[in-house]
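Letters A, B, ... mirror the listed sequences (proteins, then strands); counts begin at 1.
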Amino acid sequence: MSFILLLLDWYHTHKRPLPWRLERKVFNVWLSEIILQQTRVNQGLNYYEKFVNHFSDVHELAKADEQLVLNLWQGLGYYTRARNLHKTAKIISNDFHGEFPNNFNDLKKLPGIGPYTAAAIASICFDEKVPAIDGNAYRVYARLFGLDKDISDSNAHKFYFNYVLEIMPNENTGDFNEAIMELGATICMPQSPKCKDCPIAESCVAYQTGRIEKYPVKTKKVKVRKRNFHYFFVFDALTNEFLVQKRINKDVWQNLYDLPMIETKTKNYDVSFIPKNKVSKVGELRHILTHQHLNIQFYEFQGGIEEFQTTTNQDFLRIKTSEIKHTPFPKPIASFLADKFPEMV
DNA sequence: CACTCGTGGTA
DNA sequence: TTACCAAGAGT
């Protein structure tokens, strides 16, 4: 294909100097790819640095407690990635003697490594000829070849995978995959793409036919659920302890910690077993997740820890304020605690 | 396989 | 305010 050399040449001169591009060890490439799933480079950079500073190799990561891994991941979202990162580290360390599989099919069997990530690692580290199709790639290929296939269809990946497999080069497949993504991230953006700076605009069907804004075709919208959370801050000033709970249910923020809470149908304080005269509202915020809009209200419980335990008849954990920095909290809880104990964050 | 998993940036 | 979506994967 005539665009390939132009694309690779552009990539070699314009690619961003990102830390995971310094050395192409599988551990570093794998870590960066997991962090970057559904995450912009700027958001993931600090987390990548934190992880490589804490863990020099896959064995060190495997030996860590999950709580530490989640704590390092705190604030990045999609925490299943952190749990699966840790699971795969254990598998590689314990069962594979620290060596990652060297091919697409075996990589894809590992927790947290799906079709995209397996292709990225296999092409970057082992020069295997497999298309890495992420959100950037869907958009670039749709525009470049004028593909009308709806990328929200469940079989869109198979369609693009097979299509790209026919046109991609036999060698330097990692550079090719990364170049497509880099182009999507810096030139061929979703809105207002910089076609005048694009090295392959001459080959771009969408550009040449003036239909850039038509691609990619994506029809399905996300359905948002509204939820109302009431959080209780139950604090003992003598011991500097407060109540928390681990979120073990199959719900958002699994395996992270938050405060004792009640979910209600409406924003109203509809909590029968904790009288309203025992609490004072100390904060309210909206927190937006992909499929959920949360209205979160915070209350200080006026009684002590013992009274709260008795009143709710639940067994909460108590932690000291000095443990906040070692406990993984979701963003809104972390923000609440950071506001309350700025010196403890 | 449709749905569910965060958080932040941008128009 | 709303909408979109980012180096996707698991169930």
Side-chain angles (χ1 to χ4, degrees), chain A residues 11 15-16 18 20-21 28-48 70 73-85 87-88 107-124 131-141 151-158 160-161 174 176-186 188-193 213 216 218-225 227 247 249-256 258 285-294 296 328-335:
Chain A
Y11 178 64
K15 64 179 175 183
R16 293 165 290 180
L18 303 172
W20 48 84
R21 287 176 174 164
N28 299 74
V29 172
W30 164 67
L31 176 60
S32 72
E33 291 297 344
I34 302 299
I35 288 175
L36 292 177
Q37 286 168 5
Q38 293 289 281
T39 304
R40 291 174 201 281
V41 164
N42 282 339
Q43 192 185 359
L45 266 175
N46 293 339
Y47 289 88
Y48 176 82
L70 285 172
W73 202 272
Q74 175 176 315
L76 192 55
Y78 283 153
Y79 298 93
T80 300
R81 292 183 294 170
R83 299 194 297 272
N84 283 335
L85 182 83
K87 282 185 191 171
T88 287
L107 283 163
K108 200 149 50 71
K109 296 172 184 169
L110 295 164
I113 300 183
Y116 162 75
T117 304
I121 298 173
S123 62
I124 293 171
I133 315 287
D134 73 330
N136 291 310
Y138 277 122
R139 183 173 60 257
V140 172
Y141 290 131
I151 66 170
S152 52
D153 279 358
S154 55
N155 60 0
H157 182 268
K158 179 186 287 186
Y160 276 78
F161 186 95
F176 176 80
N177 281 331
E178 284 205 278
I180 291 290
M181 293 187 279
E182 188 82 354
L183 192 73
T186 63
C188 194
M189 299 112 74
Q191 290 97 16
S192 309
E213 72 285 353
K218 183 177 183 181
T219 59
K220 294 181 183 168
K221 317 285 184 192
V222 298
K223 189 174 181 183
V224 175
R225 175 163 65 122
R227 304 174 72 180
R247 297 182 58 88
N249 293 334
K250 190 180 174 198
D251 196 356
V252 294
W253 305 322
Q254 191 175 45
N255 287 14
L256 275 68
D258 64 357
L285 57 86
R286 285 160 53 84
H287 190 73
I288 309 296
L289 293 75
T290 303
H291 291 80
Q292 301 181 26
H293 286 191
L294 307 182
I296 299 180
F329 293 107
K331 187 66 180 178
I333 304 300
S335 298

Touch class at under 4.0 angstrom, heavy-atom based, for A/K220 against every strand present: sugar-phosphate

Nucleotide of B/dG9, B/dT4, B/dG6 approaching A/W253 most closely (side-chain heavy atoms): B/dG6

Touch class at under 4.0 angstrom, heavy-atom based, for A/R139 against every strand present: sugar-phosphate

Of the listed nucleotides C/dA9, C/dA7, B/dG6, the one nearest the side chain of A/L289: B/dG6

Presence of A/K250 side-chain N/O under 4.0 Å of C/dG10 phosphate oxygens OP1/OP2: no

Below 4.0 Å: OP1/OP2 of C/dG8 and any side-chain N or O of A/Q38: yes

Residue whose nearest DNA chain B nucleotide is more 5′ - A/S152 or A/Q292: A/S152

Spacing between A/K87 atom NZ and C/dT11 atom C1', to the nearest angstrom: 12 Å

Nearest listed nucleotide, side chain of A/K221, among B/dG6, B/dC5, C/dC4: C/dC4

Closest listed nucleotide, where the reference is the side chain of A/E33 and the choices are C/dA7, B/dG8, C/dC4: C/dA7

Distance between C1' atoms of B/dC1 and B/dC5 (Å, rounded): 16 Å

Candidates B/dC1, B/dG9, C/dG8 - which lies nearest the side chain of A/R40: B/dG9

Sugar-phosphate only, base, or nothing, as touched by A/N42 at under 4.0 Å among non-hydrogen atoms: nothing

A/T117 vs C/dA9: side-chain N/O to OP1/OP2 distance below 4.0 Å: yes

Quiz item: A/T290 side-chain donor-acceptor pair to B/dG6 base, under 3.5 Å: yes

Sugar-phosphate, base or nothing in reach of A/S192, heavy atoms under 4.0 Å: nothing

Sugar-phosphate only, base, or nothing, as touched by A/L76 at under 4.0 Å among non-hydrogen atoms: base

Under 3.5 Å donor-acceptor pair, A/Y78 side-chain atoms to B/dG6 base atoms: yes

Separation of the P atoms in C/dA7 and B/dC3, to the nearest angstrom: 25 Å

P-based separation of B/dG8 from C/dA9 [nearest Å]: 22 Å

A/E182 side-chain proximity, nearest of B/dG6, B/dC5, C/dA7: C/dA7

Out of B/dC5, C/dA9, C/dA6, whichever nucleotide has its closest atom nearest the side chain of A/P190: C/dA6

Of the listed nucleotides C/dA9, B/dC1, B/dG6, the one nearest the side chain of A/Y116: C/dA9

